Student: 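This is the structure I have questions about; it appears just below.
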There are 2 protein chains.
Amino acid sequence: MAVHGARGRSGGRPTLEEVAARAGVGRGTVSRVINGSPRVSDATRAAVEAAVAELGYVPNTAARALAANRTDAIALVVPEPETRFFAEPYFSDMLRGVGAELSETEMQLLLIFAGSDRERQRLAQYLAAHRVDGVLLVSVHADDPLPDLLSQLEIPAVISGRRSAAETLPSVDSDNYGGGRAAVEHLIARGRSRIVHLAGRMDVYGAQRRVDGYRQGLLDGGHPVVDDLIVPGDFTEEGGRRAMSLLLERCPDLDAVFAGSDVMAAGARQVLRESGRRIPDDVALIGYDDSAIARHMDPPLTSVRQPIEEMGRAMIDLLLGEIADRRPAVSRGLEKRQLVLPAELVVRASS
Amino acid sequence: MAVHGARGRSGGRPTLEEVAARAGVGRGTVSRVINGSPRVSDATRAAVEAAVAELGYVPNTAARALAANRTDAIALVVPEPETRFFAEPYFSDMLRGVGAELSETEMQLLLIFAGSDRERQRLAQYLAAHRVDGVLLVSVHADDPLPDLLSQLEIPAVISGRRSAAETLPSVDSDNYGGGRAAVEHLIARGRSRIVHLAGRMDVYGAQRRVDGYRQGLLDGGHPVVDDLIVPGDFTEEGGRRAMSLLLERCPDLDAVFAGSDVMAAGARQVLRESGRRIPDDVALIGYDDSAIARHMDPPLTSVRQPIEEMGRAMIDLLLGEIADRRPAVSRGLEKRQLVLPAELVVRASS
DNA sequence: ATCACCTGTGGGAGCGCTCCCACAGTACCT
DNA sequence: AGGTACTGTGGGAGCGCTCCCACAGGTGAT
């Protein structure tokens, strides 16, 4: 009452101080209530909450960020041109998982594309300004300098996939080895024996692991592995066509194709058709990703599903953990910082 | 030299003050250089720039936002579920235009989905916290409360399309009337005379305008307008199928269909095929949007192209103008705040 | 009664900027 | 000589928070 309070600005947004005056308490107490501190009595808390509601108080994020040195925002960095972002279902699934998990929190998600050099320049600037508390890095290539930049700036980050078996950053990957193996086992179970592999880009660790799984699947089934029957595409439809043509030359009597992505499988399908082979009667075909393409292909494509959405959720969990750990110089817990989620074969008419 | 300067923190990021000490100038001067003020001598500017480079200084956004009461960020608000965002090329084109135009500036773009009630709740909170300087609103429906919320919060906003002829908000639209008319004129020029219209949702102003253009095109060509031959779909493929079936019942000898979207045209095409009609021999078909669907349809679909990317750029220009105008209580200029960009007919094999 | 130790609270200091006033210096008129 | 005006510069005040220290008042052991 005695406190005649803040200068009589009107029209502007109410501040902490004004809320405090209205509730008849000090600034510190309001701050405690806003931030959910337990050391506030129930009566006081109620009074403050009433004042907040009456005044329609909303904290000023900039002031909070300045004082507390955090932004309550994290970035999803896509080191690809926007085109790919929209073209590949991978990103939309990932975004859905991330968004869902994040909606439980107060954190804000920023989407940042870094396809061109120019965009990467901006991104570097952005990160240097510490405008986010953490970063989710999807689709990183082995030689990308981004992870290093991030750790140099001491910004918590989590990547999807791994750059190698010895990944240092916290990461969430799917079991590419298991996925590749499951595909081959399935083909063998269906009586196929001349199974070729249309691989992905070999500088992508996940693609390598799919090859490893393919090999082991063949060996376990008692079949020999012929290196010539593993041909890398580049994850594109055109690459799939080229690789498929090559495979047909090398092994005209093949009876099954395991492709490292649905898109490449689509390319392979065209070439198989053109060569007069029927799917699945003459040749069984399996893709990877279980994308919309797989469902809409004729015949519908058997494909290995990665739990992308779930991976997105897991990445957020890891990242929030990293961020929290870094706050009060707590000794970093030894929880798992590398997650591998299972892949699953979705059987359709093509195999 | 005499100024022994800032407290010896190390490891942290350099501040304005430290840069000032290093360059042997005052804080104000550094601020002026950083913000590109002209009232700095060349020599001083050079000294400051050198200090900035040596120290690797990057301004603290939070401090700036707090002091200057701006965030240097704008939001692209998509009041749709994410699914539609990825499914419709409209958004990716828009995003490309917006991104391109924005990359010329220091502004940061945030992508915010507000499809579910929950998301809308968050968005309202977000806007109330004034975390952005302005908002781009795409795909607003006539009864959406968002525009009102925005003007109540006094946040500059620009919408794509218009909610009615009397749109109050700054907006960028394409010439739907002209587009509809051009489609019909083209059909008439090709000798078609029984032209039906598969319209969009009639609560979308743009769809209404396409109908208006269709009507005028017929009248100008000396053809009567029959209201029964204008059937609204709902912009979906299924809606297109239903509307097409109805149109075939009402006018079995129609020789041209103008659809209000490519997706509806795709639905119409199926029904036309099933009824044994050939495109374009028996029936000419025109869509709207010139999306990927149009290019890949069999036969390729003639369609009306809206310059979406350009619209995105224009929206940014308008929005930045709004934001700038609002800063130093300058009397609002009377420049055009409602833009209408031309639509263009892209002729392909279907007509 | 003394001390220790809780809980709840108020408010100073400070985060790193921008804004703006003050003022030195120079230039060009009267 | 005095006035006027402009350019370039320094630095105080303040933006709205969080952090943390101080302290009142209670509680229980000594």
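In this text the structure is predicted, and so the values were computed from the model without any measurement. Order of the sequence lines fixes the chain letters, A, B, ..., with proteins taken first and strands second; residue numbering starts at 1 for each chain.
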Student: Give the rounded distance in Å between these two atoms: CZ of R70(B) and C1' of dG16(D).
Tutor: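 To the nearest whole Å, that distance equals 17 Å.
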Student: Please state how far atom CZ in R131(A) lies from atom P in dG16(C), giving the value in whole angstrom units.
Tutor: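 The answer, rounded to whole Å, is 17 Å.
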Student: Only counting residues at least two apart or in another chain, list the ones meeting side-chain hydrogen bond (donor to acceptor under 3.5 Å, both in side chains) with T29(A).
Tutor: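 Expected list: none.
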Student: Hey, is the side chain of N69(B) poking within less than 4.0 Å of OP1 or OP2 on dT18(C), counting only N and O atoms?
Tutor: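 So the side-chain polar atoms of N69(B) never come under 4.0 Å of the phosphate oxygens OP1 or OP2 of dT18(C).
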Student: With sequence neighbours left out, write down each residue that passes side-chain hydrogen bond (donor to acceptor under 3.5 Å, both in side chains) with E54(A), or none if nothing qualifies.
Tutor: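 In terms of side-chain hydrogen bond (donor to acceptor under 3.5 Å, both in side chains), with neighbours along the sequence ignored, E54(A) is linked to R22(A).
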Student: Starting at CD of E17(A) and ending at P of dG14(D), how long is that distance when rounded to a whole Å?
Tutor: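 One finds 13 Å between P of dG14(D) and CD of E17(A), rounded.
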Student: Using the test side-chain hydrogen bond (donor to acceptor under 3.5 Å, both in side chains), find all partners of R27(B) that sit at least two apart in sequence or belong to another chain.
Tutor: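 Applying side-chain hydrogen bond (donor to acceptor under 3.5 Å, both in side chains) to R27(B) gives none.
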Student: Can you list everything that forms a side-chain hydrogen bond (donor to acceptor under 3.5 Å, both in side chains) with S92(A)? Sequence neighbours excluded, please.
Tutor: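 Partners of S92(A) by the side-chain hydrogen bond (donor to acceptor under 3.5 Å, both in side chains) criterion come out as none, since no residue qualifies.
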Student: Using whole Å, report how far CD1 of I34(B) lies from P of dC17(C).
Tutor: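 It works out to 8 Å between those atoms.
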Student: Which residue pairs pass the ring-ring contact (aromatic ring centres under 6.0 Å, His included) test with at least one member in residues 34-85 of chain A, sequence neighbours excluded?
Tutor: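 The answer is F85(A)-F91(A), F85(A)-F113(A), F85(A)-F86(B).
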Student: What I want to find out is whether D133(A) reaches R70(A) closely enough, with some N-O distance under 4.0 Å, to be called a salt bridge.
Tutor: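 R70(A) and D133(A): not salt-bridged.
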Student: If an axis is fit to five pairs at each end of the helix from dA1(C)-dT30(D) to dT30(C)-dA1(D), what is the angle between the two, to the nearest 10°?
Tutor: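 If I round to tens, the end axes sit 50° apart.
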Student: Grab the CG-P distance between N35(B) and dG16(C) for me, whole Å please.
Tutor: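 Atom-to-atom, N35(B) to dG16(C), this comes out as 17 Å.
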Student: List in chain and number order the residues that pass salt bridge (charged side-chain N to carboxylate O under 4.0 Å, His left out) with E119(A), two or more places apart in sequence or in another chain; answer none if no residue qualifies.
Tutor: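 If we apply the salt bridge (charged side-chain N to carboxylate O under 4.0 Å, His left out) test to E119(A), skipping adjacent residues, there are no hits.
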Student: Please list all pairs passing the side-chain hydrogen bond (donor to acceptor under 3.5 Å, both in side chains) test where one or both residues lie in residues 100-115 of chain B, with sequence neighbours left out.
Tutor: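 Sorted result for residues 100-115 of chain B: E101(B)-R313(B).
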Student: Between R120(B) and D117(B), is there a side-chain N and carboxylate O pair less than 4.0 Å apart?
Tutor: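 Looking at R120(B) and D117(B), the cut-off is not met.
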Student: Show me, pair by pair, the donor-acceptor contacts under 3.5 angstrom made by side chains of residues 150-157 of chain A, not counting sequence neighbours?
Tutor:
{"residue": "S151(A)", "atom": "OG", "partner": "P147(A)", "partner atom": "O", "Å": "3.4"}
{"residue": "S151(A)", "atom": "OG", "partner": "D148(A)", "partner atom": "O", "Å": "3.1"}

Student: If a protein heavy atom is under 4.0 Å from the base, mark B; if only from the sugar-phosphate, S; if neither, -; do that for nucleotides 8-13 of chain C going 5' to 3'.
Tutor: SBBBBB
Student: Which residues satisfy the side-chain contact (heavy atoms from CB on, under 4.5 Å) test with A67(A), sequence neighbours excluded?
Tutor: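 With neighbours one apart ignored, the set is empty.
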Student: Can you list, in residue-number order, the parts of residues 57-66 of chain B that come under 4.0 Å of DNA chain D, counting heavy atoms only?
Tutor: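 Within residues 57-66 of chain B, the residues near DNA chain D are L66(B).
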